Each structure stands twice: as C-alpha cells, then as structure tokens.
Amino acid sequence: MNYIWDLLIHAEEQGIPASSITFVPAQSYSPYMELSLNELNATEVGQQVELNPYYRFESLFKNWFHPDLQEDEEMRTVLFDMIIHFLAQIDRYEGMTRREYEIRFVLRDLEQGVFGHEAAQYIGMLNRDEQEQLGEQLLRLYETGEPIALLRQLLRRWFPRSLIYVNRDERQEMLVYLGQPDHESNRAKVNILLLLFVPIPFEVRMYWAHHFGLVGTDETMRIDSIALY
C-alpha cells in the first residue's frame, strides 16, 4: 500500500469502515511515498494512518503545518482528516469506468431495499467481490433478459461444483445442486440469487452436499450420499 485510495480498498476488503480510520500528517516520512507505514509491505489497516501530505497535495497543505503556525491545531487536524477522506474518494471515482459506476448504483439500490427487504439483508452478507459480481450480473439481466443462464454462471462462480436442472415438461421446476454444506453464509448467497434471478412461475428444489440419484451416473448413486427427489 502506498496511496490513500489503496489503503481504503484494503480496509473495505477487511471489513473496516472508512469512517473508523483517522488520517494524520506524519512527523517523519519518506519524500517518495504517500503513506508513512511502519512496515513497507504492510497489508493490515490500522485505525490511525500517518501520511506525507506533500507527496501529491503540497499545493493544498504547504501552509497548514508550518512550524511557526500554532493556532487552531485541533481544528486543522480534524479538517485534515476530513479532506484526506474526501480526496481518497475522489481517487477511487477517477479510476472507475462507466460500467463500475452502474454497478455501484445497482448495489446501492440493493442496500436501500429497492429490490426488497430480504435482498437488502442478504447483500450485506456478501464480500466485496461477490457484491460486484452480483451487480454485474443484474446489469446483464437488464440487457439480455436471460435470468437462468446468468444464475447458472454466478452459481458456478460461487459454488464450482454446482449444477442446475430445469424441468419444463410437466411443470416449471428447477433443481439446484450446490455441492457445499448448508450453512448461513452459503444460504445467504443462494437466497439472494434465487430472489433476483429465478422467474416467478418456477418451483425450486435445493440440494446441498448430496446430489439426487441419477440412474446410470455412478457418482450420484453412492450409498449414504444420495438425496431424495
């Protein structure tokens, strides 16, 4: 990590809210680095982060911390932290494409309950990469109108052993095999996908660790490892 935007991304990946991080001007720093970290290759984010404000923002901060300036030190320190947070967000926005903006808008709608209360609850249980992948697939759903194909792609990405069987002969039925144990984290992922991508007429049957038996397929016909259909 060398830049403030890089640090905030690491914090987000570690589940640390940006509001809990305080930026302060470093007393001792390298002129060739923005962040002043105790370890050069550090990946953990602390609550207080020292940085060299003159690395990229000399024109803004060159007169803020002059040795002869003694007044309003507390106010300057608080304002410094607020401005650095603002600059870090600008950094992140400048590096985003139009598609990434659209994904952020979709995720914001999910979090605010536009897609329903349940979806808002489940989105918070996904990590950052999973949220962005979900947002991308929702945009593709608007563009292609192929919910089952997109559901299959995302399930395979999150659950590599997953399989989807669609029965349209007698009734609208979908059989979903995950190949993973049934626990809270996995169930949150599955539930939000079913809410957003399964067409309304479909009935869904879930199979977690054990596949239902298929005559002629030995892998699904093992004793004590067969789920009933």
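Predicted, not measured: the structure shown is a model, and the values here were computed from it.
- In this structure, F197 has no ring pair (Phe, Tyr, Trp, His ring centres under 6.0 Å) partners at least two apart in sequence or on a different chain.
- The side chain to side chain donor-acceptor pair (under 3.5 Å) analysis of residues 19-28, with sequence neighbours excluded, yields no pairs.
- In terms of hydrophobic clustering, with Ile, Leu, Val, Met, Phe, Trp and Tyr side chains grouped at heavy-atom distances under 4.5 Å, I4 and V24 are assigned to different clusters.
- At distances below 3.5 Å, not a single donor-acceptor pair connects side-chain atoms of Q180 with backbone N or O atoms of F159.
- Residues M75 and F61 fall into different hydrophobic clusters, defined by Ile, Leu, Val, Met, Phe, Trp and Tyr side chains chained together at heavy-atom separations under 4.5 Å.
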Q. Under the side-chain contact (heavy atoms from CB on, under 4.5 Å) criterion, do F202 and I148 qualify, and how do the steps go?
A. CA-CA 11 Å; F202 274 82; I148 296 178; 3.9 Å; yes
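- The closest side-chain heavy-atom distance from H10 to I16 is not below 4.5 Å.
- Here P201 pairs with Q172, P199 under the side-chain contact (heavy atoms from CB on, under 4.5 Å) rule; sequence neighbours left out.
- The closest side-chain heavy-atom distance from R156 to L154 is not below 4.5 Å.
- Ring geometry for H85 against F23 counts as perpendicular: the plane angle is over 60°, on a 0 to 90° scale with 30° as the lower cut.
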(Q) Apply side-chain contact (heavy atoms from CB on, under 4.5 Å) to residues L155 and L178 and explain how you reach the verdict. (A) CA-CA 8 Å; L155 267 178; L178 275 301; 3.8 Å; yes
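- For R161, the salt bridge (Lys or Arg N to Asp or Glu O under 4.0 Å) criterion is met by no residue, not counting sequence neighbours.
- Residues E34 and Y55 come closest through the heavy atom pair CB-CD2, 3.6 Å.
- Note that the CG atom of L79 and the CD atom of E74 stand 12.5 Å from one another [nearest 0.5 Å].
- Every residue was checked against the side chain to side chain donor-acceptor pair (under 3.5 Å) condition with H117, not counting sequence neighbours, and none meets it.
- With rounding to the nearest 0.5 angstrom, the CD atom of E118 is 10.5 Å from the CG atom of L196.
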Review item, side-chain donor-acceptor pairs of residues 105-116, under 3.5 Å, at least two apart:
none

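- To the nearest 0.5 angstrom, D91 atom CG is 10.5 Å from D6 atom CG.
- Every residue was checked against the side chain to side chain donor-acceptor pair (under 3.5 Å) condition with E50, not counting sequence neighbours, and none meets it.
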Q | L175/I164 under side-chain contact (heavy atoms from CB on, under 4.5 Å): CA gap, chis, key distance, verdict | A | CA-CA 6 Å; L175 311 179; I164 293 180; over 6 Å; no
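- Looking at N52 and S36, their side chains never come closer than 4.5 Å, going by heavy atoms from C-beta outward.
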Expected list for residues 127-139: side-chain donor-acceptor pairs under 3.5 angstrom, two or more places apart:
| unit_1 | atom_1 | unit_2 | atom_2 | d |
| --- | --- | --- | --- | --- |
| N127 | OD1 | D129 | N | 3.2 |
| N127 | OD1 | E130 | N | 2.8 |
| R128 | NE | E12 | OE2 | 2.8 |
| E130 | OE1 | N127 | N | 3.1 |
| E130 | OE2 | K189 | NZ | 2.9 |
| Q131 | NE2 | I123 | O | 2.9 |
| Q131 | NE2 | L126 | O | 3.2 |
| Q133 | OE1 | W158 | NE1 | 2.7 |
| E136 | OE1 | R99 | NE | 3.2 |
| E136 | OE2 | R99 | NH2 | 3.2 |
| Q137 | OE1 | R140 | NH1 | 3.2 |
| Q137 | NE2 | L150 | O | 3.2 |
| Q137 | NE2 | Q153 | OE1 | 3.4 |

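- Taking the side chain as every heavy atom from C-beta outward, Y3 and R56 approach each other to under 4.5 Å.
- For E58, the side-chain contact (heavy atoms from CB on, under 4.5 Å) test picks out Y54, K62, with sequence neighbours left out.
- I192 and Y142 fall within the same hydrophobic cluster, where Ile, Leu, Val, Met, Phe, Trp and Tyr residues are linked whenever their side-chain heavy atoms come under 4.5 Å apart, directly or through other members.
- Applying the salt bridge (Lys or Arg N to Asp or Glu O under 4.0 Å) test to every pair with at least one member in residues 191-201, sequence neighbours left out, gives no pairs at all.
- The closest side-chain heavy-atom distance from M174 to R205 is not below 4.5 Å.
- Residue Q89 holds its CD atom at 12.5 Å from CD1 of I84, rounded to the nearest 0.5 Å.
- Atom CD of E143 has more than 12 heavy atoms from other residues, nucleotides or ligands within 6.0 Å.
- Under a 4.0 Å N-O distance rule, the pair D81/R76 does not qualify as a salt bridge.
- Salt bridge status for E100 with R104: absent, with no side-chain N to carboxylate O gap under 4.0 Å.
- Under the rule for a side-chain contact (heavy atoms from CB on, under 4.5 Å), the partners of R187 that lie at least two apart in sequence or sit in another chain are D182, N191, W208.
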Q.
Run L194 and M206 through side-chain contact (heavy atoms from CB on, under 4.5 Å) and show every step you take.
A. CA-CA 11 Å; L194 298 184; M206 293 297 307; 4.1 Å; yes
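- Scanning both residues, G145 and P147, for their nearest heavy atoms gives O-CD, 3.3 Å.
- Summarising the geometry of L8 relative to A18, their closest heavy-atom pair is CD2-CB, 4.0 Å, with the distance given to 0.1 Å.
- With sequence neighbours excluded, the residues forming a side-chain contact (heavy atoms from CB on, under 4.5 Å) with L60 are F57, I83, L87, listed by chain and number.
- The shortest side-chain heavy-atom distance between Y177 and S162 does not fall under the 4.5 Å cut-off.
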